[in-house]
Each structure stands twice: as C-alpha cells, then as structure tokens.
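Computed from a predicted structure; not experimentally measured. Order of the sequence lines fixes the chain letters, A, B, ..., with proteins taken first and strands second; residue numbering starts at 1 for each chain.
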Amino acid sequence: MVSLQSKIQEFMSENIRVRFAPSPTGPLHIGGVRTALYNYLFAKKAGGKMILRIEDTDQTRFVPGAEQYIMEAFKWCGIQFDEGINEGGKYGPYRQSERKNMYADYVEQLLKSGNAYYAFDTAEELDTYRKAADTDKQTFIYNTESRKKLHNSLNMSEADVKKLIADGTPYVVRFLIPENTSVEMKDLIRGEISVKSETLDDKVLYKSDGMPTYHLANIVDDHLMKITHVIRGEEWLPSLPLHVLLYQAFGWNMPQFAHLPLLLKPDGNGKLSKRDGDRLGFPVFPLQWKDPKSGETSSGYRENGYYPAAFVNMLALLGWNPGSEQEIFSMDELIEAFSLERVGKSGSKFDPEKAKWFNHQYLIKKTDQEIAEEWIAWLKSEKQLEITADKALKIVGLIKERVQFVHELWNEAIFFIEAPESYDEKVVKKRWKAESPNQMESLAQQLETITDFTASAVDEKVKSWITDNELSMGAVMNALRLLLVGAPKGPHLGDIMEVIGKTESLSRIREGIHALQS
RNA sequence: GCUCCCAUCGUCUAGUCAGGUCAGGACGCCAGGUUUUCAUCCUGGUAACAGGGGUUCAAAUCCCCUUGGGAGUACCA
C-alpha cells in the first residue's frame with residue numbers, strides 16, 4: 001500500500017533538479033568539488049536529477065583541457081550526472097556557448113519591459129571612473145545616481161540610441177536596478193536576507209561581444225532547465241539580490257537558494273587557494289593538472305595516493321555533519337544522511353592532517369589482498385620492481401597499519417626487499433657491543449639448523465638460545481635487528497626473517513658482522 | 001571605504017531554531033601501558049563558548065553594541 005502522501009512526495013522529489021555549473025577556466029578546486037558533491041547528495045537523496053552545465057560565456061578565459069579535467073575528476077570521485085555535456089538530456093545544449101543565440105530574446109524582453117537599458121560607456125571610461133573613485137577612497141558603482149550622468153539609453157532619445165547602434169557602436173545591456181526598494185531573499189542555509197536596492201549596481205547582462213554575462217545566462221538557463229535548487233558557494237551571495245530581481249523582472253518562479261560556506265586556508269585567513277597547497281604541501285585539486293600555458297604542474301589527490309572514497313568522505317564532512325558521531329561514510333551512506341539543514345554557516349579551514357587520517361581509515365579497511373595488488377602495481381611502475389604476490393601479501397599484512405598511503409609502504413618495507421646498506425649509528429653505539437659479533441655468529445649457526453624457516457620456528461630457536469646462554473632479550477634482539485634491518489624499526493623479527501628467507505637472513509647477519517668490524 | 005555573510009578546543013565540529021547535564025566527539029599534540037625496535041593498538045590528559053551590555057530564577061543558546069574573520073564590489077565566473 002502506498003499512501004497518497006508518499007506518492008505526492010515521490011512526485012515532488014522526482015522533480016528536484018540541481019546543477020553544478022563550472023567555468024572551464026582551469027582545474028576544479030576542491031571547494032568546487034565539495035559544492036558539486038553537496039548538490040549531488042541533495043539530488044540523490046531526493047531522488048532528483050543532477051545536471052552539469054558548462055558556463056563558458058567568457059571566451060577569453062577558455063582553457064583547453066579544462067572541460068575534460070572536470071569530467072574526469074567527477075568520474076574519479078564517483079559523482080554521476082543525469083544530464084550534461086556528455087550525458088545529454090532534453091534541456092540541452094548544456095554548454096552556454098552553444099546556447100548563445102537563446103539569450104538575445106531574453107535581453108530583448110528585459111529591454112522592452114524597461115528592466116534593462118543600453119550603455120555605451122567603454123571599458124576604458126569605466127576604468128577611469130573606478131580609479132578616480134579609488135583615489136578618493138570611494139567605490140564607483142553604476143547605480144541609481146551615477147547612471148544619470150553616464151553614457152546610456154536612459155539619458156538619450158530613442159532615435160539617438162538607434163543611430164548609435166546602427167553605426168556599430170559597441171554597447172552592453174545593463175539591468176536597471178529599481179529605486180528605493182528592499183530586496184527580500186531567503187537562503188536555505190542562512191535564512192532571510194534583505195538588501196536595499198540603492199546599494200546594488202546595474203550589472204551588465206549582455207556584453208559587447210554578443211555573449212551574456214554569468215548573471216543573465218545563469219538565470220535564463222536555470223529557468224529553462226527547470227532547476228529547483230541552486231546550491232553554490234558563498235562567493236555568490238552578494239549577487240543573489242540581482243538574481244532575485246532578475247527572476248522578478250522576467251516574472252518567473254525562483255528556485256530555492258543555498259549558499260555554502262567557503263573552504264579556508266589551513267593557517268591564517270582567507271579562501272583556500274592553489275598557492276596554499278604549494279606552500280603547505282597538499283593538493284588543492286582532485287586530479288593533477290598541467291597548465292597548458294605555463295607548463296606548471298599542480299598536484300592532485302588521485303596522484304598523491306588518495307582513495308576517491310576517502311577524498312569524498314573527507315570533503316563531505318568539511319562544512320556538513322551528520323549530527324551523530326559517525327565519521328566514515330560511503331557515498332550511499334552520505335546520500336542517506338545528507339541534509340542542507342546540517343550544513344554549517346561558517347567557513348571551514350582545510351586540515352591536511354585529517355585528510356590523511358581519512359585515507360588511512362580507508363586503507364586499513366581494505367583486505368591485504370587488495371592492498372598487495374595496488375602495491376605490486378606501484379612497485380612495477382615506480383621502482384621497476386617485481387615481487388611475488390605471496391611476498392607482497394605477507395609484507396602488506398605486516399606493515400599496512402603504519403602507512404596512510406600505498407606508496408608509503410615502500411619506506412616501511414624496503415628491508416624486506418633489500419639488505420641494509422648502512423647501519424644506524426645511534427643503534428650501533430647503543431646495541432653493538434664487543435661480544436656482539438661472536439654472539440650473532442653463534443645465533444646464526446643456530447638458525448642454520450632450522451629446516452622449516454617460519455616465524456614461529458625462528459622465534460623458538462632464538463628464545464631458547466637466549467635462555468641457554470643467559471642473555472637478555474633486549475640486547476640480543478636489538479643487535480639482531482640492527483643486522484637485519486639496519487635501523488630501529490620494522491615489525492617482529494621472526495616475521496621479517498620468514499619473509500626474506502633463511503639464506504638472506506643468514507647472509508645479512510654475517511655481512512653485518514663483517515661490516516661493523518671495520 | 002561600501003554591501004552582505006559569519007563567530008564553541010590549534011583544526012573539523014555536536015549542543016543554538018523550541019534557554020536549565022562537570023560544554024560531547026574526531027584530528028593533532030602530550031603522558032602512561034603493551035612490545036625485541038619503530039609504528040600500530042589501548043588508557044588517560046591537554047584545550048573552546050571573542051568581549052561587553054541587556055532579557056530571564058537561569059544564556060554557548062534570545063536581543064543589542066563592539067571586536068575579529070570572510071566574501072563581493074569586472075563587458076570573470
């Protein structure tokens with residue numbers, strides 16, 4: 001039995017439509033990934049649709065490869081779009097440059113209804129006004145007051161306007177902010193917001209190159225694509241009044257808005273930027289990116305060894321919390337738990353340490369088998385080294401707890417693969433005594449008698465030898481570790497010897513004795 | 001400067017909307033325990049309601065001011 005109420009709810013939620021609308025000007029910042037993630041979680045939870053729209057209205061900022069980067073990044077993260085430049089959909093095209101001719105009609109509509117006007121001020125002129133205002137510690141804004149003295153259709157006869165346009169004079173179309181009103185807005189995260197219209201400026205809607213600006217294209221497309229919820233970064237909050245006014249001018253229903261708090265630098269203040277990553281040594285991009293112009297490479301979470309699930313999990317908890325003490329969430333669990341009400345209002349400083357911790361959690365959750373396979377692949381590509389699956393499995397089982405990333409296994413496992421090339425001086429000083437060479441040789445002879453060289457057999461032999469000779473465990477084991485490992489680290493010695501085998505163990509002991517003699 | 005937003009441990013945060021548990025958890029850090037070393041692990045500890053005023057029997061929680069922080073202020077998104 002399905003109740004009417006749940007049917008209504010189902011009907012409503014099927015119509016939930018959200019979009020992520022990046023500009024293809026470079027790699028996607030992790031803040032952008034988080035915004036997309038929240039959109040995705042919100043949509044999936046509601047059974048709605050997630051749309052990818054490319055906002056490429058600024059032809060001068062186009063960066064080759066950026067679009068591909070964005071899609072690859074989301075694929076890696078496990079964020080799937082229902083509609084977009086790749087997926088298609090009945091509200092396309094999903095690239096604004098391909099919608100170019102659709103915007104002119106809407107501009108015309110605004111012009112006719114008196115909500116917009118032509119402006120002929122050149123970029124240079126405006127620049128001069130801004131600079132002049134700046135020296136007076138003022139801000140130049142194109143608004144109620146200043147527009148009366150500027151070069152626009154509000155101050156001209158219709159005939160003059162027509163002539164200028166006919167002559168090919170470059171112009172833009174500006175939105176006419178209404179005078180003396182208060183714009184009332186509602187944000188799902190912040191609540192009611194109110195702004196006086198005279199503090200707003202007459203933003204350009206249509207550029208002289210025939211392309212719409214973000215503001216116009218965004219409203220038109222969100223309307224045409226039937227977007228129900230606009231979830232975007234807080235940097236857009238100051239333009240919300242304009243957008244609200246635009247919807248009103250068109251006479252359209254507004255989507256609901258949610259402005260997400262920003263991701264901040266780990267230290268100091270300010271928005272997280274690419275520079276911070278370089279400076280503090282952590283990636284700010286999901287994937288590695290090579291700038292086609294400068295050739296400069298920026299590191300990515302994927303290339304740094306993060307698991308996509310760990311990355312997504314970490315990002316989700318930065319600004320949102322489930323209200324419980326659970327910290328590890330699969331994508332499905334995130335979808336289930338997510339709600340906009342539990343998104344915080346204040347910015348979050350990004351903590352690289354916690355990011356690593358998340359990866360560690362995901363790593364130790366995997367089976368030894370899975371990690372071993374990843375490590376074998378890593379060894380092959382990074383070290384041109386092949387080891388058997390059996391050996392890799394054993395090593396991984398012994399040391400996985402100590403690493404946060406697969407690539408870190410190497411440092412913890414090198415002694416399983418190579419004999420020590422040097423011996424830690426501090427340990428030599430503390431643990432290598434005059435009697436050590438004879439003791440170790442005697443122990444080696446004992447180990448030589450073991451036929452089945454397993455960890456337990458080795459342990460047993462070593463222990464009985466220590467007891468028989470009335471020696472201390474600490475002194476013997478540490479000296480032995482010095483010969484086998486070369487440093488005061490690593491797992492249980494019996495395990496190490498089993499993995500490297502009898503021949504190698506004995507050879508290391510004897511070579512070590514020899515090396516430490518001189 | 002102006003407009004808007006925000007404010008709990010070093011960091012992420014619970015608690016704020018419907019005032020009333022020693023302000024809870026996690027990361028980090030420190031100490032102890034386990035161990036043949038290191039790491040893990042276990043136990044414990046460190047540490048916060050920005051300040052001031054109000055309202056109230058009672059304020060982290062509601063109101064105001066101050067301070068601090070952030071964003072925006074383009075023919076960029």
* To do: Give the rounded distance in Å between these two atoms: CG of A:Leu263 and C1' of B:A71.
  =>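 Rounded to the whole Å, the gap is 14 Å.
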* Asked: Would A:Asp127 and A:Lys131 pass as an ion pair if we require N to O under 4.0 Å?
  ->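 Salt bridge: yes.
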Does [N] have OP1 or OP2 sitting under 4.0 Å from an N or O in the side chain of [X]?
X	N	value
A:Arg431	B:U37	no
A:Arg34	B:C12	no
A:Thr199	B:C4	no
A:Thr213	B:A74	no
A:Lys349	B:G70	no
A:Lys196	B:C4	no
A:Asn321	B:U13	no

* Given A:Thr35, A:Val33, A:Leu318, A:Val284, the one that forms side chain to side chain contact (heavy atoms under 4.5 Å, CB included) with A:Leu263 ->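 Only match with A:Leu263 under side chain to side chain contact (heavy atoms under 4.5 Å, CB included): A:Leu318.
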* Does any non-hydrogen side-chain atom of A:Arg342 lie less than 4.5 Å from one of A:Asn321? ->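 Yes, side chains in contact.
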Across the strands shown, which category fits [X] at heavy-atom distances under 4.0 angstrom: base, sugar-phosphate, nothing?
X	value
A:Asp121	base
A:Pro170	nothing
A:Leu482	nothing

* Asked: With both distances under 3.5 angstrom, what nucleotide forms a Watson-Crick or G-U wobble pair with B:A31?
  ->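 Result: B:U43.
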* Asked: Closer to the 5' end of RNA chain B via nearest nucleotide, is it A:Ser348 or A:Tyr171?
  ->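 Its nearest nucleotide being more 5', the pick is A:Ser348.
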* Asked: Nearest nucleotide by nearest heavy atom, which residue falls closer to the 5' end of RNA chain B, A:Gly323 or A:Leu398?
  ->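 Between the two, 5'-proximity favours A:Gly323.
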Please determine, for the side chain of [X], which listed nucleotide ([options]) has the closest atom?
X	options	answer
A:Trp357	B:C27, B:U37, B:U13	B:C27
A:Lys203	B:U73, B:C5, B:G28	B:U73
A:Val195	B:A74, B:C4, B:C76	B:C4

* A:Ser273-A:Asp276 side chain donor-acceptor pair, cut-off 3.5 Å ->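 There is such a pair (donor and acceptor under 3.5 Å, judged by atom type) between the side chains of A:Ser273 and A:Asp276.
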